[in-house]
2 protein chains.
Amino acid sequence: MSSYGQFCPVAKAMEVLDERWTLLVLRELLLGSTHFNELRRGVPKMSPALLSKRLKSLERYGLLTREGTQGQTMYQLTDAGRELAPVIDGLGAWGLRWIGDLGETDLDPHLLMWDIRRTVPIDRWPRRRTVVSFELQGFRSVGSHWWLVVADGEADLCDVDPGYEVTAVVTGSLRALTRLWRGDVSWPQAVRGGDVAISANSFVTRQIPVWLGQSRLASTPRVQVG
Amino acid sequence: MSSYGQFCPVAKAMEVLDERWTLLVLRELLLGSTHFNELRRGVPKMSPALLSKRLKSLERYGLLTREGTQGQTMYQLTDAGRELAPVIDGLGAWGLRWIGDLGETDLDPHLLMWDIRRTVPIDRWPRRRTVVSFELQGFRSVGSHWWLVVADGEADLCDVDPGYEVTAVVTGSLRALTRLWRGDVSWPQAVRGGDVAISANSFVTRQIPVWLGQSRLASTPRVQVG
DNA sequence: CTGTATCCATGGCGATACTG
DNA sequence: CAGTATCGCCATGGATACAG
């Protein structure tokens with residue numbers, strides 16, 4: 001909105017990008033979200049009014065297009081928007097290396113499970129329907145129990161028991177599972193340290209790290225501590 | 001300052017970086033500025049109070065250190081700060097490709113000359129003192145006439161005639177010279193099109209594009225138009 | 001030269017409710 | 001499902017003056 005009064009390309013870029021939430025919306029679009037409420041799930045703490053405003057702004061700047069008229073709008077990145085992928089990946093890698101400490105308010109079970117659901121490498125899972133249950137310890141509120149159902153090449157997420165046979169149960173605190181997902185620790189480290197437990201037969205127990213994996217940025221090398 | 005409530009590394013990074021001016025201050029530090037008033041010249045439209053606040057914030061987040069106690073403070077990037085270089089370069093490259101239109105308020109003679117001064121490849125200049133004068137056409141205010149003095153391995157910038165013999169005069173509108181500097185057009189294009197003129201003997205005229213060059217990001221490939 | 005102190009207006013943004 | 005409408009706070013940050 002407000003200009004920096006500089007011809008520098010970094011300044012011109014930041015005029016478009018430095019408002020709160022903007023880059024996170026772009027992250028969601030890059031991860032494949034295309035509809036309003038799908039985007040909302042990726043930025044749940046953002047008000048719908050503000051999301052709407054940002055989407056308009058991004059359209060005006062030519063980073064995305066909106067398609068479909070009544071009640072079925074679809075947002076898609078333009079070439080300009082898609083070319084921000086390396087910048088956002090760079091920011092993620094930097095954040096992972098240098099902003100490692102997570103506060104309590106950074107932890108969010110819904111956000112974690114939602115990210116797992118959309119990232120999980122389905123092609124490495126068994127053909128037949130497979131259900132992994134997650135039990136987040138340390139709080140009794142809703143959102144402590146989840147079921148990840150992979151079937152027919154799709155992953156679904158439930159916060160109520162879908163009733164299918166459970167192939168494995170993954171247990172740990174929200175913090176431990178978040179750190180594992182981000183790649184702050186590896187699967188072997190987390191399991192050996194007792195922070196995360198897998199309950200299943202021995203074959204499945206060995207497969208779980210492969211089935212679930214870690215977030216896309218998890219392989220970023222960390223800063224040596226000590 | 002205010003949290004996004006997300007564990008995502010991009011969100012954690014933006015908590016540190018998305019405030020207005022922050023990334024431009026980091027750009028200045030990456031380009032080698034170390035003192036308060038040196039930084040100010042790179043972000044002249046930023047109030048000193050706000051710059052001070054940002055520097056404190058960046059120090060708190062561990063992106064820079066301040067050294068020297070009384071009246072001679074020196075700011076230096078930490079490893080964490082320096083590792084933002086690829087992100088900022090990426091933003092610059094993106095801005096150059098996709099935010100090409102410059103408004104009148106984006107043009108600033110002081111900022112342009114200051115950037116030229118610190119970027120110029122001194123080792124390609126003659127050994128003896130060489131002065132290039134710039135005449136920015138199109139407005140009669142102060143800041144339309146500059147002298148770039150390269151001597152003893154240093155480049156100095158004057159907005160009053162230093163009195164030395166002038167080796168070459170470069171003439172053009174502020175917009176034309178800015179576009180040339182950013183690399184939106186090449187030296188041959190700018191000269192052939194008449195937007196920029198060089199007045200000097202034929203040898204020097206051929207050397208000027210080598211001596212002055214273009215900004216660091218100028219080589220970023222542009223979007224094909226038509 | 002290197003900042004700090006203070007003031008103030010703006011509007012960004014969060015919250016909530018509501019509509020086609 | 002896909003947004004809009006409205007409200008109001010308070011923090012951001014711009015301006016100016018001043019201090020060590």
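Below, read A as the first sequence line, B as the second, and so on, with proteins coming before strands; counting in each chain starts at 1.
A cation-pi arrangement is found for A:R20 relative to B:Y4, the charged atom lying closer than 6.0 Å to the ring centre and inside a 45° cone about the ring normal.
Open room surrounds CZ on A:R124; 12 or fewer heavy atoms of other groups in view lie less than 6.0 Å from it. Within a 6.0 Å sphere centred on CG of B:D161, heavy atoms belonging to other residues, nucleotides or ligands number more than 12.
Put simply, A:Y4 has no side-chain N or O that comes within less than 4.0 Å of OP1 or OP2 on D:dG13. Contact annotation: A:W21 side-chain N/O to C:dG14 OP1/OP2 distance is under 4.0 Å. In this model, the phosphate group of C:dT4 is approached by a side-chain N or O of B:K56 to a distance below 4.0 Å at OP1 or OP2. Dashed line: the shortest gap from a side-chain N or O of A:S52 to OP1 or OP2 of D:dT4 is under 4.0 Å. Note on A:S47: every side-chain N or O is 4.0 Å or more away from OP1 and OP2 of C:dT16. Contact annotation: A:Q72 side-chain N/O to D:dA2 OP1/OP2 distance is under 4.0 Å. Between A:K53 and C:dG12 there is a side-chain polar atom (N or O) within less than 4.0 angstrom of OP1 or OP2.
For the pair A:M46 CE and D:dT4 P, the interatomic distance rounds to 13 Å; values are reported in whole Å. Taking atom CG of residue A:L51 and atom C1' of nucleotide C:dC13, one finds them 13 Å apart after rounding to whole Å. The distance between atom CZ of A:R54 and atom C1' of C:dG11, rounded to the nearest whole Å, is 12 Å. When the P atom of D:dT12 is taken as reference, atom CD of B:E15 falls 13 Å away, rounded to whole Å. Rounded to a whole Å, the NZ atom of A:K45 is 11 Å from the P atom of C:dG14. Between the CD atom of B:E67 and the P atom of C:dG3 there is a distance of 13 Å, rounded to whole Å. Rounded to an integer number of Å, the gap from B:R40 CZ to D:dT16 P is 12 Å. Computed from coordinates, the B:M74 CE to C:dC1 P distance equals 16 Å when rounded to whole Å.
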Step by step, would you call B:L23 with A:D18 a side chain to side chain contact (heavy atoms under 4.5 Å, CB included)? CA-CA 9 Å; B:L23 243 67; A:D18 73 354; over 6 Å; no
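An angle of 60°, rounded to 10°, separates the two end axes of the helix from C:dC1-D:dG20 to C:dG20-D:dC1, each defined over five pairs.
Of the candidates D:dA2, C:dC13, C:dG3, C:dG3 carries the atom nearest the B:R66 side chain, counting heavy atoms from C-beta on. Listed candidates were C:dG3, D:dG3, C:dT2. Nearest to the side chain of B:H35 is C:dT2. Side chain of A:R20, nearest nucleotide from C:dT16, D:dC1, C:dC13: C:dC13. When each of C:dA15, D:dG3, C:dT4 is scored by its nearest atom to the side-chain atoms of A:A49, the top-ranked nucleotide is C:dA15. Among C:dG3, C:dG14, C:dA15, the nucleotide with an atom closest to any side-chain atom of A:L50 is C:dG14.
Counting all heavy atoms, side chain and backbone alike, B:C158 lies closest to B:V149 at SG-CG2, 4.3 Å.
Judged by distance alone, the side chain of B:R27 and the main-chain N or O of A:A11 form no donor-acceptor pair under 3.5 Å.
With hydrogens and angles left out, the side-chain atoms of A:T65 and A:Q76 include no donor and acceptor closer than 3.5 Å.
Interatomic distance, A:D195 CG to A:R175 CZ, rounded to the nearest 0.5 Å: 11.5 Å.
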